[in-house]
Amino acid sequence: MITALMAVCLITAQAFSQKTYQVSLPGSKGSLKAVVHIPKLKSGVRCPFVVVMHGFTGNKNEKMLIQISEGLQSRGIGSVRFDFNGHGESDGQFEDMTIGNEIADCKAVIETVKKIPGVDPRRIGLLGHSQGGVVTGMVAGELGDKQIKAIVQLSPAGNIGDDARKGKLLGTRFDVANLPATHDVWNHKVGRDYLKYAINCDMYGTAAKYKGAACVIHGSADKAVPCEYGKRFADGYANAKWVLQPGDDHGLSKHRPQTLHTIYSFFSKNL
Ligand code: FER
């Protein structure tokens, strides 16, 4: 009896405390390493939940992504930060990574997190930086607003498609008519499938199908992705908030408190 009572107390206590823990989740190329943030919850109450995605060559432990997850957590919103296939601690080779298989990773993560106790599967949001911002927009467009309630794109790299079609990626060049087996970008080798997907995918057309709440944040001094590419995503959505941050860079480091505030208030309102 006493043991049973203690167990009840323990379960109740757990239901109230916030927790952060590492997990492996199934993805497109094996397992994805992730960190889950669950806010303090009242017994029987479920939280809205955001899937947080890094950019090209990035990882789940970038300072801004940790700040975002922790800030959401303290405001009653859960999240998961994960490494895409071929990045960080996740399975897969960088050379095999494509925007297409990152989209598959994201969809697999959404399915898994919906089953976490305490997560409200009807209130799922997405947030992605740069290439992860492209994945965010495309997954939202493909799944629709019944499944994805709100999205935030940070410096979304819409130029990857335009650049790749011209045989350019981040200041490097390749032959579009004769795609190389691998191509060096930022000291990483992307494979031919990466280039093919980038050339052929309709990121703006796919994202524009999304009818839910969208917020796009971009710095006017972003050198990796000119802010016009972020504006173009915002212009395509039926329901978008466009935030241009004067003088800010690709990593949105110049106006960080403002960036975080915009993200928290957007998800608090729309999720
Ligand atoms: C490119 C433009 C932007 C590119 C990548 C990016 C691979 C994205 C950068 C990021 O995710 O931070 O041409 O080529």
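Please read all numbers here as calculations on a predicted model, not as lab measurements. Values reported hereafter were calculated over all heavy atoms of this structure, with side chains retained and with hydrogens, waters and symmetry mates removed. First listed ligand is number 1; within each ligand, the first listed atom is number 1.
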Which parts of the protein, at residue level, reach under 4.0 Å of ligand 1 through a heavy atom?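 The answer is G55, F56, S130, Q131, A157, N159, I160, D163, L169, L170, W186, Y194, V225, H250, counting any residue whose heavy atom sits under 4.0 Å from ligand 1.
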
Only pairs at least two apart or in different chains count here, so list each ring-ring contact (aromatic ring centres under 6.0 Å, His included) that has a residue in residues 110-161.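 Residue pairs with at least one partner in residues 110-161: H129-H250.
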
Any side-chain hydrogen bond (donor to acceptor under 3.5 Å, both in side chains) pairs touching residues 201-215, not counting sequence neighbours?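 Applying side-chain hydrogen bond (donor to acceptor under 3.5 Å, both in side chains) to every pair that reaches into residues 201-215, excluding sequence neighbours, yields nothing.
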
How does the hydrophobic cluster around I217 look, that is, which other residues are in it when side-chain heavy atoms under 4.5 Å mark a link?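 Direct or chained contacts put I217 with V50, V52, M64, L65, I68, L72, I77, L127, V152, L154, V243, L252, L260, I263, Y264, F266, F267, L271.
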
Note: D162-R232 ion pair, threshold 4.0 Å (strictly below):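 A salt bridge links D162 with R232.
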
Are I151 and F233 packed together at the side-chain level, in the sense that at least one heavy-atom pair is separated by less than 4.5 angstrom?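 I151 does not reach F233 side chain to side chain.
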
Can you tell me if NZ on K241 sees more than 12 non-hydrogen neighbours from other groups inside 6.0 Å?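 No, because the 6.0 Å sphere around NZ of K241 holds 12 heavy atoms or fewer from other groups.
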
